[in-house]
Peer 1: 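Got a structure for you, questions after.
Throughout, a chain's letter reflects where its sequence line sits, starting with A, and its residues are numbered from 1.
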Amino acid sequence: MLIKRPKGTQDIIPGTIEKWHFLEEQIRKICQEYGYQEIRTPVFEATELFQRGVGETTDIVNKEMYTFLDKGQRSITLRPEGTASICRAYVENKLYAQTLPVKLYYLGPMFRYENTQAGRYRQFHQFGIEVLGVENPLVDAEVIQLLWDFLQRLGLQGLEVHINSVGCSHCRAVHREKLQTFLEDRKDKLCSDCQSRLERNPLRILDCKNKNCQALTVEAPTTLDTLCPDCQEHWESVQHYLKMGDISFKINPKLVRGLDYYQKTAFEVMAKGIGAQSAICGGGRYDGLVEEIGGPSTPGIGFAVGLERILAAMQSQKIEIECTDKTSVMVAVLGDKARQVGFQLANQLRQRGIIAFMDLMGRSLKSQMKYADRVGSRYVLILGEEELEKGIIIVRDMKLGDQKEIAKADLIEFIQNIDSSEFEI
RNA sequence: GUGGAUGUGGUGAAGCGGUUAACACACCGGAUUGUGGCUCCGGCAUGCGUGGGUUCGAGUCCCAUCAUCCACCCCA
């Protein structure tokens, strides 16, 4: 093997692609039901978009971006997530001039330069939704509701929805100070990562995985402790609506998303069965992001789910994705003349919307039968010299193991109206 | 970026210094003239990730390198 696929990428081949089709169908269906419209943005953007949008202090921007210079010396980055691009598109296409809210969904590949492991890839796929223009906490609940609904429809069990409020920029500033004061005394005991976080982004210390740091932050002030009256009201309202929606959620005051743009509501969904990874979805509110990108002050909220992780969770829970094979017709021929007639026949069948194909390998009749069996064709049309002379075609039902002679002139109609009872003795 | 495991045909895998690299599945072909699923027979690795080295001799030992998987960090 001379050339292999790049690390962390995947070929989705027949046998697996059906699962993706199924997921994609479910996504489109539920989004339509909730009144969301699809948006497609480029898979690469100006690097600056993510630096500003996702945030300079994040891991994504610091170490995970696929960045390169194009031939015009522009710094380009393969999108590591969807929200920044969508806010950019919202501003660039002046969607804010349309009836609000703007409710969008997207589906496609994202890129992050990381070392791979179970449930983690360099090219992976996300489905996400974004609602722009709504401050009302009702939308926070609706977004989580859609998410929950989606996951339930897939049949996933044992999921945990964690939610938190990280407050607005005002309460964040208050919290930041309190937290820094609190941690200042214990600075020496923090891990080296957290020591540098203390200055740049102390909030992230709260969800450090280091056991030491976790112990140190047990008593630390959380964002929930320092919410301003507005944020507090919003937070309570979100919970109220969620309870109405019959969603079981856990309040996790230590939940801090890895992206800088989140404000107020933040949430994650955890699942088992995807290796050391557990998050299958993350989301939250990003009220300042559109403005940051140069648009009008616009509230926003959304989430993104990892499709590979959804599929992994489904597989570990043994949730079968049904792939119904459509009935197909295989045209088996014997001899050159028959092949030509068969070629036309297959064409005619396809014109009527029937799945029909021939052997392309020049196989013997026996092998053609075998092939039809392998690929699961329900019917085989057998056409040889004899049949040509008599002006008939043999129609064999592979499932019942019966066959019938049909006049060539009647064949198309016969296949179209086929009913397996025709073959029963 | 760091650590661990593994690398033999399409797949799963034997082989653990010595003639032509087991076996199973898959695939292809055949078992009297034109018919699948069962059975039987036959075919299918000039090579054991790659490059060095040790040795009379290496898939089998040593070194390097690459790749894959898993884990840390973080996230989808």
Peer 1: Measure CD/Q10(A) against C1'/A76(B) and give the value in whole Å, please.
Peer 2: 14 Å
Peer 1: Paired with A13(B): which nucleotide, if any, by Watson-Crick or G-U wobble criteria at under 3.5 Å for both distances?
Peer 2: none
Peer 1: Which residue, I274(A) or H125(A), contacts RNA chain B at a nucleotide closer to its 5' end, judged by nearest heavy atom?
Peer 2: I274(A)
Peer 1: Is the aromatic ring of Y371(A) within stacking range of G36(B), meaning centres under 5.5 angstrom and planes under 30 degrees?
Peer 2: no
Peer 1: Considering only the C1' atoms, how many Å lie between C61(B) and U55(B), rounded to the nearest integer?
Peer 2: 10 Å
Peer 1: Are the aromatic ring centres of F303(A) and F150(A) under 6.0 angstrom apart?
Peer 2: no
Peer 1: Within 45° of the ring axis of F124(A) and under 6.0 Å from its six-membered ring centre, is that where the NZ or CZ of R112(A) lies?
Peer 2: no
Peer 1: Which whole-number value in Å describes the distance from E64(A) CD to C72(B) C1'?
Peer 2: 14 Å
Peer 1: With both distances kept under 3.5 Å, what pairs with U68(B), Watson-Crick or G-U wobble?
Peer 2: A5(B)
Peer 1: Quick one: which of C70(B), G34(B), A67(B) gets closest to the side chain of K4(A)?
Peer 2: A67(B)
Peer 1: To the nearest Å, give me how far apart CD1 (I205(A)) and P (C74(B)) are.
Peer 2: 11 Å
Peer 1: Distances under 3.5 Å only, N/O to N/O: pair up the protein atoms with those of nucleotides 2-9 of chain B.
Peer 2:
residue: U2(B); atom: O4; partner: N115(A); partner atom: ND2; Å: 2.6

Peer 1: What nucleotide, of U35(B), C74(B), C75(B), holds the atom closest to the side chain of R309(A)?
Peer 2: C75(B)
Peer 1: Okay, side chain of N164(A), backbone of P253(A): is any donor-acceptor separation there less than 3.5 Å?
Peer 2: yes
Peer 1: Touch check for G128(A), heavy atoms < 4.0 angstrom, all strands: base, sugar-phosphate only, or nothing?
Peer 2: nothing
Peer 1: Output the single nucleotide from C70(B), C69(B), G37(B) whose closest atom is nearest the side chain of A118(A).
Peer 2: C70(B)
Peer 1: Figure out the CZ/P separation between R122(A) and C69(B), and round it to whole Å.
Peer 2: 11 Å
Peer 1: Considering Watson-Crick and G-U wobble pairs with both distances under 3.5 Å, what does G51(B) pair with?
Peer 2: C63(B)
Peer 1: Given C27(B), G37(B), G30(B), identify the nucleotide with an atom nearest to the side chain of R374(A).
Peer 2: C27(B)
Peer 1: Measure from the side chain of Q117(A), starting at C-beta and using heavy atoms only, and say which of C72(B), C74(B), G37(B) lies closest.
Peer 2: C72(B)
Peer 1: Contact class for E387(A) vs. all strands (heavy atom < 4.0 Å): base, sugar-phosphate, or nothing?
Peer 2: base
Peer 1: Under 4.0 angstrom, heavy atoms only, what part of the nucleic acid is I382(A) near: base, sugar-phosphate, or nothing?
Peer 2: base
Peer 1: Does a donor on one side chain and an acceptor on the other come within less than 3.5 Å for Y261(A) and D287(A)?
Peer 2: no
Peer 1: The side chain of A276(A) lies closest to which of these nucleotides: A71(B), G36(B), C74(B)?
Peer 2: A71(B)
Peer 1: Under 4.0 Å between any heavy atoms, over every strand shown, what does G335(A) touch: base, sugar-phosphate, or nothing? Just pick one.
Peer 2: nothing
Peer 1: With sugar-phosphate meaning primed atoms plus P, OP1 and OP2, does R79(A) contact a base, only sugar-phosphate, or nothing at under 4.0 Å between heavy atoms?
Peer 2: nothing
Peer 1: Tell me what Q277(A) touches on the nucleic acid: a base, only sugar-phosphate, or nothing, going by heavy atoms under 4.0 Å.
Peer 2: base
Peer 1: Examine Y36(A) together with Y105(A) and report whether their ring centres are nearer than 6.0 Å.
Peer 2: no
Peer 1: In whole Å, what separates the C1' atom of U2(B) from that of G10(B)?
Peer 2: 36 Å
Peer 1: Only pairs with both distances under 3.5 Å count, Watson-Crick or wobble alike; so what is the partner of C74(B) in this structure?
Peer 2: none
Peer 1: Which atoms form the tightest heavy-atom contact between G167(A) and R172(A), and what is the distance?
Peer 2: O-CG, 3.9 Å
Peer 1: Between C25(B) and C48(B), how far apart are the P atoms? Round to whole Å, please.
Peer 2: 26 Å
Peer 1: Look at all strands and tell whether I394(A) reaches a base, only sugar-phosphate, or nothing, counting heavy atoms closer than 4.0 Å.
Peer 2: base
Peer 1: What integer number of Å spans the C1' atoms of G59(B) and U50(B)?
Peer 2: 14 Å
Peer 1: What nucleotide among C74(B), U35(B), G30(B) has an atom nearest to a side-chain atom of L365(A)?
Peer 2: U35(B)
Peer 1: Are K7(A) and U68(B) close enough that a side-chain N or O sits under 4.0 Å from OP1 or OP2?
Peer 2: yes
Peer 1: Quick one: do the E160(A) and H162(A) side chains pair a donor with an acceptor below 3.5 Å?
Peer 2: yes
Peer 1: Rounding to an integer number of angstrom, what distance separates G12(B) and C38(B) when you compare their P atoms?
Peer 2: 23 Å
Peer 1: Should the pair R122(A)-E114(A) be classified as a salt bridge under the 4.0 Å nitrogen-to-oxygen rule?
Peer 2: no
Peer 1: Taking the P atom of each, how far is G34(B) from G30(B), in whole Å?
Peer 2: 11 Å
Peer 1: Please say whether the positively charged group of R186(A), taken as NZ for Lys or CZ for Arg, lies over the ring of F182(A), i.e. under 6.0 angstrom from the six-membered ring centre and within 45 degrees of the axis.
Peer 2: yes
Peer 1: Say we look at G51(B) and A67(B): how far apart would their P atoms be, to the nearest angstrom?
Peer 2: 16 Å
Peer 1: To the nearest 0.5 Å, what is the distance between CD1 on I406(A) and CD on E413(A)?
Peer 2: 10.5 Å
Peer 1: Are a donor atom and an acceptor atom from the side chains of T77(A) and E45(A) found within less than 3.5 Å of each other?
Peer 2: no
Peer 1: Heavy atoms only, 4.0 Å cut-off, all strands: where does R204(A) land among base, sugar-phosphate and nothing?
Peer 2: sugar-phosphate
Peer 1: Check whether the side chain of D373(A) and the base of G37(B) form a donor-acceptor pair under 3.5 Å.
Peer 2: no
Peer 1: Would you indicate which nucleotide in C74(B), A31(B), G34(B) comes nearest to any side-chain atom of K366(A)?
Peer 2: A31(B)
Peer 1: Between G1(B) and U65(B), how far is it from one P atom to the other, in whole Å?
Peer 2: 14 Å
Peer 1: What's the CZ-P distance between F124(A) and C75(B), to the nearest Å?
Peer 2: 12 Å
Peer 1: CE of M361(A) versus C1' of G29(B): gap in Å, rounded?
Peer 2: 12 Å
Peer 1: What I want to check is whether an N or O donor and acceptor connect the side chain of Q403(A) with the base of U35(B) at under 3.5 Å.
Peer 2: yes
Peer 1: Hey, are the side chains of S377(A) and V329(A) touching, using non-hydrogen atoms and a 4.5 Å cut-off?
Peer 2: no
Peer 1: Take atom OH of Y262(A) and atom C1' of A76(B), then tell me their distance rounded to the nearest Å.
Peer 2: 11 Å
Peer 1: Out of G36(B), A76(B), C28(B), which nucleotide sits closest to the side chain of R363(A)?
Peer 2: C28(B)
Peer 1: Between E386(A) and E268(A), just flag the one whose closest nucleotide in RNA chain B comes earlier from the 5' side.
Peer 2: E386(A)
Peer 1: With a 4.0 Å cut-off on heavy atoms, is E114(A) in touch with a base, just the backbone sugar-phosphate, or nothing at all?
Peer 2: base
Peer 1: Choose from C75(B), G34(B), U35(B) the nucleotide whose nearest atom is closest to any side-chain atom of R396(A).
Peer 2: U35(B)
Peer 1: Any strand counts, and the cut-off is 3.5 Å on both contacts for Watson-Crick or G-U wobble. Which nucleotide pairs with G43(B)?
Peer 2: C27(B)
Peer 1: Would you kindly give the CG-to-P distance between D359(A) and C28(B), to the nearest whole Å?
Peer 2: 11 Å
Peer 1: Taking only N and O in the side chain of S367(A), is any of them less than 4.0 Å away from OP1 or OP2 of C28(B)?
Peer 2: no
